[in-house]
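Just so it is clear, the structure is predicted and the values come from calculations on it, not from any experiment.
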Amino acid sequence: MSCAGQITAFVTAAANLLSEKFTDEELAVLAAALTQLGDTLGTILACRELCESRFDRDRENAQSGRHVL
């Protein structure tokens, strides 16, 4: 099984297990919290990529003697 297949199988198994242990109301809160976690991690990664991109561009400009605002 591929890495992606292993991850999706794990997530499916975890969801099935959790659905047996929690009420519908608790599952709704857990689902919302995990969605927020995923969204926040995505935002952090996007910010890191933006900062890295700007850092690389600024370093290239400094090495070439260009001054860009």
Side-chain angles (χ1 to χ4, degrees):
M1 184 181 291
S2 69
C3 180
Q6 290 174 342
I7 291 171
T8 57
F10 169 76
V11 170
T12 299
N16 288 327
L17 180 67
L18 290 170
S19 71
E20 294 173 3
K21 303 292 182 187
F22 293 97
T23 66
D24 289 351
E25 293 84 5
E26 292 168 333
L27 285 173
V29 172
L30 181 59
L34 292 175
T35 297
Q36 180 182 357
L37 173 64
D39 290 346
T40 301
L41 290 172
T43 301
I44 290 168
L45 287 171
C47 288
R48 285 181 180 176
E49 290 174 5
L50 177 63
C51 289
E52 183 67 26
S53 167
R54 286 184 175 176
F55 175 78
D56 290 344
R57 185 189 67 219
D58 291 347
R59 186 179 58 212
E60 289 172 8
N61 288 338
Q63 289 173 349
S64 69
R66 289 186 299 236
H67 297 286
V68 179
L69 296 177

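Atom CD1 of Ile7 sits about 11.5 Å away from atom OG1 of Thr12, to the nearest 0.5 Å. With rounding to the nearest 0.5 angstrom, the CG atom of Asp58 is 9.0 Å from the OG atom of Ser53. In this structure, Glu20 CD and Leu27 CG are separated by 10.5 Å, a value rounded to the nearest 0.5 Å. With rounding to the nearest 0.5 Å, the separation of CG in Leu45 from CG in Leu50 is 12.5 Å.
Clustering ILVMFWY residues whenever any of their side-chain heavy atoms sit less than 4.5 angstrom apart, transitively, puts Leu18 in the very cluster that holds Leu37. Hydrophobic clustering (ILVMFWY, side-chain heavy atoms < 4.5 Å, transitive): Phe10 and Leu17 are in distinct clusters.
Applying the 6.0 Å contact sphere to CD of Gln36 captures no more than 12 heavy atoms from other residues, nucleotides or ligands. Heavy-atom contacts from other residues, nucleotides or ligands closer than 6.0 Å to CZ of Arg54 number 12 or fewer.
Minimum heavy-atom separation, Met1 to Gln6: SD-N, 3.4 Å.
In this structure, Glu52 and Glu49 have side chains that are not in contact, with every pair of non-hydrogen atoms separated by 4.5 Å or more.
Between the side chain of Ser19 and the backbone N or O of Asn16, at least one donor-acceptor pair lies under 3.5 Å.
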